[in-house]
Amino acid sequence: MTAKNNKRTIRAWAFFDWANSAYNLVITSTIFPAYYVAITANKENGNHVTFFGHSFVNTALSDYTLAASYLIIALLLPMLTSIADYRGNKKIFMKFFTWLGAISCAMLYFFKFSTLEMSMVFFGLAAIGYCGGFVFYNSYLPEIATLDMQDNVSAKGFTYGYIGSVILQLICFAFVLKPGWFGIVDKSFPARLSFLLVGIWWIGFAYIPFTVLPKGSPNAKSHTQDLIRGGFIELGKVWQQVKRMPVLKRYLPAFFFYSMGVQTIMLVATSFGAKELKMETSSLIQIILIIQLVAIGGATLMSRLSDKFGNIQVLTGVVLIWIGVCIAAYFTTTSMQFYILAMVVGLVMGGIQSLSRSTYSKLIPQDIPDSASFFSFYDVTEKIAIVGGMFSFGLVDDLTNSMRNSTLVLCSYFIAGLVLLLSLLRFQSRRSVIVS
């Protein structure tokens, strides 16, 4: 059993977020979406692109690609995490998905309009790599931190992620905005170089946690069947435990609905600015940087508020703010309004991600060998939420050719999450159960 609250272990664990958050910022949030919209824009054809013989609105295609990737990982993870717990080798899976994501990002260096189909495949594989590695990373939280420290440690991970991704973003920012400083003539080269740098950054810094974190302890109580059968046995055992946890059973549906909104907004924000507000790439990058920097403070702030008011209470307040964000986005028409909205998003984005993870970590059994299997329920819930959020957002965009209409769909998901959180608060008050 790993000694908990060890500073070196926690710091190494947080560096995994430092490593892979570069993907989340550069690929899903800033440079890739702006580059993708720029090279696929075709007003004469209604901004449609052809993908393996089928025609899609360009932004809808990227939404569908991400949705498909998250669906694949949602189907794979329950089995893989169970096998990891069964064999005690979750770090091997963590490495595999990290390599898959990093190499796929690096291959986006070759992305031009002529390579659209293959490049979108690598775009999807990068998402699978990111999500696959993250579930095993999350599962280390209850293993390295005691119950009273998990909010702080979770916030530390997200803080490292925001700082690391901003550093790489600034490096990429120099190439994209000032190519003349480096003698770059090809206009597509700075963006494509950024994709390559993400892959190198991701795998390079990931070896800090790979070196320090334990590989995972095998589940001594597991059966001796073959790997696949043993994995499903482990998953079934965890599911039976989840069904006997009334608070956790009520928390997961609320998490599912508000995650449909949170995760989708994070993935489409840049595309929204580019398509609906016609903002330049430089302005979009600045906005995402603002979100990342404000999110650092947001994660820390929500951790402290949860100590004072309780996790579910703070999550309820944050979801209420997200509802306001969606309504405001629908009416946003200027760059300045989008900048202000970005600051609010940054504040609540870091907080809701960090607090959601630590809340779940507190609700599952502590000091158990099958933490990866327990966290697979959390991550599969999140990934299915992303599939639903991205698909519905892309579908409304495809049908109406307006991303504004899609924001109202996301608003309904936040409202559903809010109702479920309020129901959980009532349940807690009746049972005198407080998550803090």
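The analysis underlying the following values was restricted to heavy atoms, covering all of them including side chains, and did not include hydrogens, waters or symmetry mates.
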- Query: Can you check whether Phe96 and Phe93 have ring centres sitting under 6.0 Å from each other?
  - Reply: no
- Could you walk me through whether Ser335 and Ile287 pass side chain to side chain contact (heavy atoms under 4.5 Å, CB included), step by step? CA-CA 10 Å; Ser335 298; Ile287 284 175; over 6 Å; no
- Message: Pair Thr264, Tyr413 - check side chain to side chain donor-acceptor pair (under 3.5 Å), show working.
- Response: CA-CA 11 Å; Thr264 303; Tyr413 300 148; over 6 Å; no
- Query: Aromatic rings Tyr35 and Phe111: how do their planes relate, parallel, tilted or perpendicular, breaks at 30° and 60°?
  - Reply: perpendicular
- Query: Around atom CE of Met343, are there more than 12 heavy atoms of other residues, nucleotides or ligands at under 6.0 Å?
  - Reply: no
- Could you walk me through whether Tyr251 and Ser356 pass the side chain to side chain contact (heavy atoms under 4.5 Å, CB included) test, one step at a time? CA-CA 10 Å; Tyr251 172 68; Ser356 295; 3.5 Å; yes
- Message: Once rounded to the nearest 0.5 Å, what's the spacing between atom CD1 of Ile73 and atom CD1 of Ile384?
- Response: 12.0 Å
- Query: What do the steps show when you test Ser358 against Asn311 for side chain to side chain contact (heavy atoms under 4.5 Å, CB included), and what is the final call?
  - Reply: CA-CA 9 Å; Ser358 61; Asn311 289 40; 4.0 Å; yes
- Say you draw a straight line from CD1 of Ile128 to OG of Ser104; how long is it, rounded to the nearest 0.5 Å? 8.0 Å
- Message: Measuring from atom OG1 of Thr407 to atom CD1 of Ile327, what distance do you get when rounded to the nearest 0.5 angstrom?
- Response: 9.5 Å
- Interatomic distance, Ser194 atom OG to Leu168 atom CG [nearest 0.5 angstrom]: 7.5 Å
- Is the Tyr258 ring parallel, tilted or perpendicular to the Phe255 ring (thresholds 30°, 60°)? perpendicular
- Task: Determine the interplanar angle of the Phe414 and Trp322 rings, folded into 0 to 90°, and report it as parallel if under 30°, tilted if 30 to 60°, perpendicular if over 60°.
- Result: parallel
- Item | Phe32 and its ring-ring contact (aromatic ring centres under 6.0 Å, His included) partner, picked from Phe122, Phe195, Tyr23 | Phe195
- Item | Side chain proximity check, Gln353 to Met349, heavy atoms < 4.5 angstrom | yes
- Message: Keeping Gln169 on the side-chain end and Ser165 on the backbone end, is there a donor-acceptor pair under 3.5 Å?
- Response: no
- Item | Sole residue of Ser361, Ser354, Ser306, Ser303 in side-chain hydrogen bond (donor to acceptor under 3.5 Å, both in side chains) with Asp151 | Ser306
- Sub-3.5 Å donor-acceptor pair from the side chain of Lys91 to the main-chain atoms of Leu213, do we have one? yes
- Looking at Tyr140, is Lys90 sitting on its ring face, NZ or CZ under 6.0 Å from the six-membered ring centre and within 45 degrees of the normal? yes
- Message: If I take atom CE from residue Met302 and atom OG from residue Ser154, how far apart are they, to the nearest 0.5 angstrom?
- Response: 13.0 Å
- Message: Can you confirm whether more than 12 heavy atoms, excluding those of Tyr339, are under 6.0 Å from its OH atom?
- Response: yes
- Query: What class does the angle between the rings of Trp99 and Tyr207 fall in, given that below 30° is parallel, 30 to 60° is tilted and above 60° is perpendicular?
  - Reply: perpendicular
- Message: Under the side-chain contact (heavy atoms from CB on, under 4.5 Å) test against Asn5, which residue among Asn152, Ile144, Thr146 passes?
- Response: Thr146
- Is it true that a side-chain atom of Trp13 and a backbone atom of Tyr137 form a donor plus acceptor pair closer than 3.5 Å? yes
- Query: So with a 6.0 Å cut-off around OH of Tyr64, is the heavy-atom count from everything else above 12?
  - Reply: yes
- Message: Counting only heavy atoms not in Phe51 (residues, nucleotides, ligands), do more than 12 fall under 6.0 Å from its CZ?
- Response: yes
- Look at the rings of Tyr160 and Trp18 and say which category their plane angle falls in: under 30° parallel, 30 to 60° tilted, over 60° perpendicular. perpendicular
- What closest approach, in Å, do Lys4 and Glu143 show between heavy atoms, and which atom pair accounts for it? CG-O, 3.5 Å
- Query: When rounded to the nearest 0.5 angstrom, what is the spacing between CZ in Arg11 and NZ in Lys156?
  - Reply: 7.0 Å
